[in-house]
Amino acid sequence: MPKLPSRPDRTGCNLLVILGPTASGKTRLGVAAAGELNGEIISADSRQVFRGMDIGTGKDLDEYGDVPYHLIDILDPGEEFSVFAFQRLFVSAFNDITGRGRLPVLVGGTGLYLDAVLRGYRMVEVPEDPTLRRKLADLPLETLRERLLGLNPKLHNSTDLIDRDRLVRAIEIATFERTAVEAEVPALPELSPLVFGIRFEREQLRRRITERLRARLSGGMIEEVEQLLAAGVPAERLDWYGLEYRFVTRFLRGELNRNDMFQKLNGAIHAFAKKQENWFRRMERHGVEIIRLDGGDDPLSALLAEKARREG
């Protein structure tokens, strides 16, 4: 794995991070901050890496203007992407951006990806195990689920329990990790990050989520899912690409009417936002300092002022 430069810029901060729950305005703030600070965006979103998945993932590419971005639209739907791949690509993008004298601005809401960078997860690339895969090939899904949970009782990614290919890969990784030598896992050099988190009052965030969902549904999200299905992306795979794709697919297959689809999806997104906040609090408990910004005021001014204050 390429080494992460530990050289901070003249201010002492070599990475700006903007995180927050869905619909909190992360992209807009990240782009504005990058524009002010000679920065480039690195996306920390587990779904925005996929081409053709724009509305449902909230890429909002029209907001970027002239600000360069990384780790968006780099894979075709259906390809595998993992936290290891994210960490490796983050390092590459970080090296590229800092090597040109600019500031990396990491923006996203996928807590695992953010945590992998900020707390320096020590990761190793797990090769495919043909022998193990042959042994697993004829086992029913429930047996595979039981085997994975036996190997990893604290499984963080429940989507690994839904798709057969992901189940097999997760078992492969968990089996490998039980025998991996600690010295084989490279450590990332220490970063000098400044981490900002956008916050809203709960009811205000709920309104933003609902309003955004209505706008996306009327703005082509259903047609986007239709195009993905027509292009051959299996419905089962769309199911674990996220809530929007899961519920819209069920609507298109006639399993839900439009009103039920909206209500169930809206409720699920609200619950997801709460899970994101819980993950961010967990990061704080593990030592990641998050400077909170009130999204309802002027978060850019507050960010720039706090950055200047801390850098003296």
Side-chain angles (χ1 to χ4, degrees), residues 1-20 25-51 54 57-75 81-110 113-123 125 186-198 288-291 293 299-301 303-312:
M1 176 182 294
K3 294 296 185 180
L4 186 69
S6 58
R7 173 184 60 82
D9 64 16
R10 61 183 178 83
T11 65
C13 166
N14 65 0
L15 177 67
L16 186 69
V17 182
I18 298 173
L19 56 80
K26 298 181 296 295
T27 298
R28 183 169 300 171
L29 178 58
V31 169
E36 291 286 337
L37 299 169
N38 190 34
E40 300 186 13
I41 303 294
I42 302 177
S43 172
D45 187 290
S46 61
R47 302 179 305 161
Q48 291 187 4
V49 295
F50 297 108
R51 304 180 189 97
D54 303 332
T57 65
K59 286 178 185 171
D60 300 323
L61 295 179
D62 57 327
E63 294 188 6
Y64 284 85
D66 295 330
V67 174
Y69 55 84
H70 305 259
L71 275 62
I72 295 176
D73 288 344
I74 59 174
L75 297 175
F81 194 66
S82 65
V83 64
F84 174 86
F86 167 78
Q87 193 182 54
R88 186 184 69 242
L89 291 171
F90 166 84
V91 171
S92 178
F94 184 97
N95 287 339
D96 174 44
I97 296 167
T98 56
R100 290 182 282 105
R102 306 194 72 178
L103 177 67
V105 182
L106 182 64
V107 179
T110 302
Y113 288 11
L114 293 161
D115 212 22
V117 168
L118 295 173
R119 294 205 295 124
Y121 287 12
R122 302 186 66 194
M123 311 204 63
E125 188 166 19
L188 293 175
E190 190 173 338
L191 288 167
S192 299
L194 198 55
V195 184
F196 291 92
I198 306 176
V288 176
E289 181 187 7
I290 300 177
I291 305 161
L293 300 173
L300 176 61
S301 294
L303 181 153
L304 295 174
E306 182 64 17
K307 184 175 185 294
R309 186 187 72 80
R310 289 183 175 240
E311 294 169 349

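Heavy atoms only: backbone and side chains are in, while hydrogens, waters and symmetry mates are out. On a predicted model such as this, the values are computed, not experimentally measured, just so you know.
Atoms CG and CG, from Leu106 and Leu191 in turn, are 9.5 Å apart once rounded to the nearest 0.5 Å. Distance check, rounded to the nearest 0.5 Å: CZ of Phe50 to CD1 of Ile74 gives 8.5 Å. Arg47 contributes atom CZ, which lies 14.5 Å from atom CG of Leu75 (distance to the nearest 0.5 angstrom). Atom CD of Glu306 is separated from atom CG of Leu293 by 8.5 Å, given to the nearest 0.5 angstrom. Taking CG of Asp96 as the start and CZ of Arg100 as the end, the distance is 4.0 Å to the nearest 0.5 Å.
Taking every heavy atom of both residues into account, Gln87 and Tyr121 meet most closely at NE2-O, 2.9 Å. Smallest separation of non-hydrogen atoms from Ala93 and Leu71: CB-CD1, 4.2 Å. Here the closest heavy-atom approach between residue Phe196 and residue Ile290 is recorded as C-CG2, 4.1 Å. Nearest heavy atoms, Thr110 versus Asp45: OG1-CA, 3.5 Å. Scanning both residues, Leu103 and Ile97, for their nearest heavy atoms gives C-CG2, 3.8 Å. For the residue pair Leu194 and Cys13, the shortest heavy atom distance occurs at CB-SG, 3.9 Å.
Side chain of Asp54 to backbone of Lys59: no donor-acceptor contact under 3.5 angstrom is found.
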Item to complete: Take Leu303 and Leu16, measure what side chain to side chain contact (heavy atoms under 4.5 Å, CB included) needs, and give me the verdict at the end.
Response: CA-CA 10 Å; Leu303 181 153; Leu16 186 69; 4.3 Å; yes

Item to complete: Begin with the C-alpha distance, continue with both residues' side-chain angles, and end with the deciding distance and a verdict on side chain to side chain contact (heavy atoms under 4.5 Å, CB included) for Val117 and Val17.
Response: CA-CA 10 Å; Val117 168; Val17 182; over 6 Å; no

Worksheet item: Do Ile72 and Leu61 pass the side chain to side chain contact (heavy atoms under 4.5 Å, CB included) test, and can you show the C-alpha distance, the side-chain angles, and the key distance before you say yes or no?
Response: CA-CA 10 Å; Ile72 295 176; Leu61 295 179; 4.1 Å; yes

Worksheet item: Can you check side chain to side chain contact (heavy atoms under 4.5 Å, CB included) on Val195 and Leu118, steps first, answer last?
Response: CA-CA 9 Å; Val195 184; Leu118 295 173; 4.0 Å; yes

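When the side chain to side chain contact (heavy atoms under 4.5 Å, CB included) test is applied to Arg28, the partners found at least two apart in sequence or on another chain are Glu63. In this structure, the side chain to side chain contact (heavy atoms under 4.5 Å, CB included) partners of Leu300, at least two apart in sequence or on a different chain, are Leu29, Ala32, Ala33, Glu36, Asp298, Leu304.
With Tyr69 as reference, Ile41 is the one residue of Val31, Ile42, Ile41 to meet the side-chain contact (heavy atoms from CB on, under 4.5 Å) rule.
Under the 30°/60° scheme for interplanar angles, the aromatic rings of Phe86 and Tyr113 are found to lie parallel.
You'll find the side chain of Ile198 stays beyond 4.5 Å of the side chain of Pro299, heavy atoms only.
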